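First the structure, in the form of structure tokens, and then the observations on it.
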Amino acid sequence: MQGHRDGHGFVHRDDGEAAIYLPPQEMRSVMHRDRVRVRVLRIDRRGRPEGRVLDILERRRAPVIGRLLHEAGHWLVAPEDRRWGQDILVPKNAIAGAVEGQVVAVELTEPPSLHAQPVGRVVEVLGGIDDAGMEIEIAVRKFEVPHQFSPETLAQAAALPDKLRAADRRHRIDLSDVPLVTIDGEDARDFDDAVYCEPFEGRPGRGRKASSGWRLLVAIADVSHYVKPGEALDADAYERATSVYFPRRVIPMLPEKLSNGLCSLNPDVDRLAMVCDMLVDADGEVGAYQFYPAVMRSHARLTYTEVAAVLANTRGPEAERRAVLLPHLLHLHEVYRALLKARARRGAVDFETPETQIVCDADGRIERIVPRTRNDAHRLIEEAMLAANVCAADFIAAAGHPALYRVHEGPTPEKRLALANQLRALGLGLSLSDDPKPAEIAAIAEATRERPDARQIHTMLLRSMQQAIYSADNAGHFGLAYPAYAHFTSPIRRYPDLLVHRVIKSLLGGRRYRLTLGDTVALAPAPADVVRVRGKAARASLHELELWELAGAHCSACERRADEASRDVEAWLKCRYMRDRLGEDFDGTVSGVAGFGLFVTLDPLYVEGLVHITELGGEYYRFDELRQELRGERTGVRYGIGTRVRVQVSRVDLDGRRIDFRLVRPDGGDRLQAAGR
């Protein structure tokens, strides 16, 4: 069951067929996220199957987050997530000392029925709505993000050593003298990857000419050495599956002792790593690679800004300060340019979509929103990580061992047809084949990059492709144009990367990595007729593949949950930010169009809000889905993505995470008379 803030709901079917619409009267006895059995009664006038609830199979047990109110002598909690649909009554003796207006977590004691509201009791008092960081406290509970480690996990982490022991160094290659460096953002706290590059001259051999290129080392924190299958650390890491990033706060996948300590490649300390050692030729192709466990020592903690400045001016103050590392940074830049050429030849899709960064003050309120610019240092690290991830996928696939791949599929036939129609409607002389390849999408993106409606077109291209997921079925990565791709480079913050590390280490040891029930993994010697490392493909049982697929579905769902929670917090902060700007006028650009209005992004603030269709003037506007525009029937005025407008901030709904604008004439004159206000 998925409720809607307007009172109706939808049942998302287990078989994946079209969701069933439930009218408001059917929602009185059910709540958001219940599991139900329904009967389809009819097809409504909008073509949706409409149903009736027959049975409630499972009630959602997680506490509901909301504001405690006192109305007409009764205590009740108004859910923060409007999809819950109903306020929850709370007996006076069950408010747990909370006061009116505070944010609380309430546990249901009596479910709703056709004739009565749900009843609950307060189980946690979070504090006042204006308390610093409250938006994050709400989000982690609203989206059920695990945010407290178990006592067993904390005890296990505390018992880990503070530095490497002699036993930790066994059977590892010592790279402590290799000048590996980390390159991250200024605000990074955990460092899970380090890089090094040097020129390489290949010797001629039988039937082979001499070649030149680079030796590229990507060293990744060896989390799997400390987080073992079946232990409390592993159980908590699997439950979270990813770290969740908010402005000024991170909900980590691993305790701080690991994420910022033992597993973080901090400068000038020995750390354990899994290394992908690659030979890259002048054309950017990886000709050979190997994986091995190592001991490394980061020789510097560099930032993207610092490295970009060094590369831009090799005689500047930044380059002078890093004179010892300068040759290695230049080699990294050289191999990056070669890898970039290979990326272009593959036809990988590259969208330069605008990204922003929220800068908060000491109280957690937005101070400013600034564009996040990507420079050559960002791209350098990105290409190095992509190369290592591809090698990881290739190594596992060659062994025929089951694992989690990062899968990104191209347009479905329906989405391909819709995209082709949209491109045709925009008058673009660009077409798609029946089975589009990444290079076709990349060519359209490149051909339209300088157009004023480039953002509109790139948004359509993005929406035509499917969402990336983790899967045991290697269907390739469409956007990056790779036949096989796996996440290897971030095991501190992503559980799939940790699983990939375990598989690689198992294969290196001639063993098989078995995923078992309970989401734990055990290593066992592999029978010779089942798996041969670097030999014939291993056979995986159907049961084993199903377990991997379940793990992939869990990690994909946790990734979506983390994204939703992060977006919710950002939306809350932006609404708070805009409450102080009610009545002010701003220039903006139409960033989205729907039948009910225009979404406008303000130029100076990078905040998006809605201009409802009733604010567009006293005429009827028709929505053209193909062209993604609203057109006035009388005047012919058109509003599409990319249209420049001037708007006034008219309303901010903090609970609904919504900002409303009122349109101002493009020439800066009097405001249009709005209907329905």
Side-chain angles (χ1 to χ4, degrees), residues 1-69 71 74-96 103-124 138-146 239 517 519 550 553-554 556-558 560-561 564-565 568 655-656:
M1 249 303 307
Q2 183 168 14
H4 190 277
R5 57 183 296 156
D6 291 340
H8 57 268
F10 293 92
V11 177
H12 292 271
R13 294 170 53 160
D14 291 346
D15 60 9
E17 294 295 321
I20 300 167
Y21 171 76
L22 293 184
Q25 63 268 24
E26 285 294 320
M27 295 293 294
R28 293 170 62 184
S29 61
V30 297
M31 298 190 76
H32 178 58
R33 304 189 73 175
D34 285 349
R35 279 187 57 78
V36 297
R37 180 181 289 112
V38 299
R39 173 179 292 151
V40 175
L41 299 179
R42 64 182 68 86
I43 302 298
D44 70 9
R45 61 184 180 182
R46 297 175 63 177
R48 304 174 301 191
E50 182 178 320
R52 182 173 67 196
V53 177
L54 298 179
D55 192 14
I56 297 167
L57 305 177
E58 182 183 342
R59 291 283 187 186
R60 194 68 181 180
R61 296 187 178 277
V64 180
I65 309 302
R67 300 271 288 278
L68 183 66
L69 306 176
E71 296 180 355
H74 298 284
W75 290 96
L76 55 89
V77 171
E80 205 279 339
D81 188 342
R82 301 283 185 84
R83 292 176 297 181
W84 288 100
Q86 302 183 57
D87 292 342
I88 301 166
L89 293 172
V90 180
K92 184 178 179 180
N93 61 356
I95 64 173
V103 181
V104 299
V106 62
E107 182 180 80
L108 292 187
T109 55
E110 295 180 29
S113 67
L114 291 175
H115 309 290
Q117 285 179 260
V119 179
R121 63 184 183 91
V122 174
V123 293
E124 184 181 11
I138 291 173
V140 295
R141 291 163 177 81
K142 175 179 175 180
F143 293 97
E144 299 178 35
V145 175
E239 183 187 15
L517 289 174
D519 311 310
L550 284 172
H554 168 76
S556 299
C558 291
R560 290 192 297 271
R561 177 181 66 190
E564 289 173 354
D568 188 74
D655 292 336

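Note that the coordinates shown come from a computational prediction; the quantities given were computed from them, not determined experimentally.
- Atom CD1 of residue I95 and atom CG of residue L76 lie 11.5 Å apart, to the nearest 0.5 angstrom.
- The nearest pair of heavy atoms linking P146 to R561 is CD-NH2, 3.3 Å.
- Annotation for R13: atom CZ counts as buried by contact number, over 12 foreign heavy atoms lying within 6.0 Å.
- Under the 4.5 Å side-chain criterion, counting only non-hydrogen atoms from C-beta, V38 is not in contact with E26.
- Shown here for R33 and E144, the closest heavy-atom pair between the two residues is NH1-OE2, 2.9 Å.
- A 4.5 Å side-chain heavy-atom check between H12 and Q2 finds at least one atom pair inside the cut-off.
- The two residues P118 and L108 have their closest heavy-atom pair at CB-CD2, 4.0 Å.
- In summary, of the residues considered (D655, D81, D568), a salt bridge (Lys or Arg N to Asp or Glu O under 4.0 Å) with K142 occurs for D568 alone.
- Separating the CG atom in D6 from the CZ atom in R82 is a distance of 10.0 Å, to the nearest 0.5 Å.
- Residues E50 and P23 form a side-chain contact, since some pair of their non-hydrogen atoms from C-beta on lies under 4.5 Å apart.
- Remark: side-chain polar atoms of T109 are paired, donor with acceptor, to backbone N or O of V119 under 3.5 angstrom.
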- Query: Going through the checks in order, is the salt bridge (charged side-chain N to carboxylate O under 4.0 Å, His left out) test met by R46 and D44?
  - Reply: CA-CA 5 Å; R46 297 175 63 177; D44 70 9; 5.9 Å; no

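- Between the CZ atom in R37 and the CD1 atom in I56 there is a gap of 11.5 Å [rounded to 0.5 Å].
- Smallest separation of non-hydrogen atoms from I43 and P49: CD1-CA, 3.7 Å.
- Heavy atoms from other residues, nucleotides or ligands lying under 6.0 Å from CZ of R35 number 12 at most.
- To the nearest 0.5 Å, the span separating NE2 on H554 from CD on E239 amounts to 7.5 Å.
- Minimum interatomic distance between V106 and V77 (heavy atoms only, all atoms of both residues): CG1-CG1, 4.1 Å.
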- Might you work through the side chain to side chain contact (heavy atoms under 4.5 Å, CB included) test for L22 and M1, ending with a clear yes or no? CA-CA 9 Å; L22 293 184; M1 249 303 307; 3.6 Å; yes

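- The pair E124-R141 meets the salt-bridge criterion, since a charged nitrogen lies less than 4.0 angstrom from a carboxylate oxygen.
- Rounded to the nearest 0.5 angstrom, I65 CD1 and F143 CZ are separated by 11.5 Å.
- Salt-bridge check for R59 with D34: passed, with a basic side-chain N closer than 4.0 Å to an acidic carboxylate O.
- Looking at Q86, its side chain never comes within 3.5 Å of a backbone N or O of M31 through a donor-acceptor pair.
- With rounding to the nearest 0.5 Å, the separation of NE2 in H32 from CZ in R5 is 13.0 Å.
- Counting heavy atoms of neighbouring residues, nucleotides and ligands inside a 6.0 Å radius, atom CZ of R52 does not exceed 12 of them.
- Across every non-hydrogen atom of P63 and A105, the tightest pair is CB-CB, 4.1 Å.
- Using cut-offs of 30° and 60° on the angle between ring planes, the pair H4 and H8 is parallel.
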